[in-house]
Amino acid sequence: MKTDLLPTGSTIGILGGGQLGRMLSVAASRLGFKAHIFESGSNPPAADVAHALTTAPYDDHAALTAFAKSCDIVTFEFENIPTAALDVIEAHATIRPGREALRISQDRLTEKMFLQDLGLMVAPFADVPDAAAMDAALLSIGTPSILKTRRLGYDGKGQVRLRSTDDAAPALAQMNGAPAILEGFVDFTHEVSVIAARSSTGDVACFDPGENVHRDGILHSTTVPARLSAVQRTDAVLMAAKVLNALDYVGVLGVEIFVTRKELIVNEIAPRVHNSGHWTQNGCTVDQFEQHIRAITGWPLGDGTRFADVVMENLIGDDMDRVPALARESDTAVHLYGKSETKPGRKMGHVNRITR
Ligand code: AMP
């Protein structure tokens with residue numbers, strides 16, 4: 001694929017105005033681009049740092065059309081964008097990464113089959129399109145297992161653990177009739193992720209894998225380097241590259257991986273910049289946000305080399321009370337998202353601590 005470099009001053013449309021859109025906007029502006037945010041909610045964090053903001057629901061086709069016409073390229077900070085909205089945008093602007101990555105990552109079943117077809121290990125899974133399919137799924141997957149909605153799940157939402165078959169009925173009730181998959185419980189020792197980028201000319205650059213700790217289904221911290229052998233590290237990076245190439249992907253993508261005693265199992269892919277890549281802001285010359293902007297605008301990629309050991313910690317809800325103390329810590333960079341309201345479970349910012 002050949003792409004001309006998008007000229008300075010071009011406008012990058014970003015679907016979603018959360019913290020990822022905010023940090024993408026900053027990176028875009030640093031490279032001389034303008035960011036135009038499309039967001040359905042009010043007071044999006046990205047609006048503070050972007051050139052333009054459209055506030056409209058995703059079914060407002062007139063607003064989507066005007067937005068798309070004002071942009072030279074369109075990208076996104078979340079994967080659950082309605083297909084009809086993408087169709088409207090695509091009539092007027094190129095979307096990067098492309099639709100295929102979105103189609104696959106929007107549906108856990110499609111995603112699992114895609115990864116399996118690539119020869120990557122995934123947790124055992126069974127389709128549970130409705131309640132009637134649960135018995136057969138339990139027979140093949142057993143317990144412990146996790147019932148996950150096929151669509152619209154994130155940060156541990158839309159999933160229920162089954163310790164025994166007795167948990168099946170209440171778990172199904174929580175799905176509210178939504179199609180789901182039953183996933184075998186992976187007895188992992190730890191979780192890692194690879195943040196990887198592919199340019200418009202097909203070059204691939206991966207950041208060093210980070211080790212992730214979740215609390216209550218939400219990412220708590222990412223530590224680099226991750227506990228991986230040299231072979232595991234190479235394998236993890238190659239897995240990410242395989243996904244990027246298979247999708248003819250342009251942009252940054254996150255691959256979440258379970259590390260077991262025997263193997264690396266892909267949990268899911270996120271076709272966007274990723275919370276577990278925030279450490280790159282203070283550990284690499286070109287961070288994941290700039291890397292994404294470089295990729296989608298036809299720039300060459302940064303090489304992704306890590307020059308420091310970093311621990312990224314998310315600031316969630318009342319963690320904001322710790323900011324004055326964190327600001328006094330040495331070797332610590334505080335990144336806040338400017339959210340007006342603090343709520344339990346809400347990501348308010350993060351800190352990157354340089355540990356070496
Ligand atoms: P997900 O929304 O699929 O990323 O899941 C959120 C978190 O739940 C993961 O990061 C894991 O900590 C845990 N989890 C998800 N799927 C499994 C699984 N099959 N086995 C064990 N833990 C899981």
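Note that ligands are numbered from 1 as they come in the structure, with each ligand's atoms numbered from 1 the same way.
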Would you say Gly158 touches ligand 1, if touching means a heavy atom closer than 4.0 Å?
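It does not, in that no heavy atom of Gly158 comes within the 4.0 Å cut-off of ligand 1.
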Per side-chain contact (heavy atoms from CB on, under 4.5 Å), Leu115 is matched among Val122, Ile265, Val255 by Val122
The option among Arg108, Glu191, His214, Glu256 carrying the non-hydrogen atom nearest to atom 11 (C) of ligand 1 is Glu191
With the threshold set at 4.0 Å, does a side-chain nitrogen-carboxylate oxygen contact exist between [X] and [Y]?
X: Arg108; Y: Glu183; answer: no
X: Asp187; Y: Lys262; answer: no
X: Glu268; Y: Lys148; answer: no

Going by the 4.0 angstrom heavy-atom rule, the piece of Asn212 near ligand 1 is neither
**Asked** Should Pro225 and Arg233 count as side-chain neighbours, where that means a heavy-atom distance under 4.5 Å?
**Response** yes
Show me which atoms of ligand 1 lie under 4.0 Å from any heavy atom of [X].
X: Phe185; value: 20 (N), 21 (C), 22 (N)
X: Lys148; value: 3 (O), 15 (C), 16 (N)
X: Phe188; value: 12 (O), 21 (C), 22 (N)

Worksheet entry | Residues, nucleotides or ligands: over 12 heavy atoms within 6.0 Å of Arg30 CZ |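 Above 12, so yes.
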>> When you compare ligand 1 with Gly217, is there at least one nitrogen or oxygen pair between them that comes in under 3.5 angstrom?
In response: no
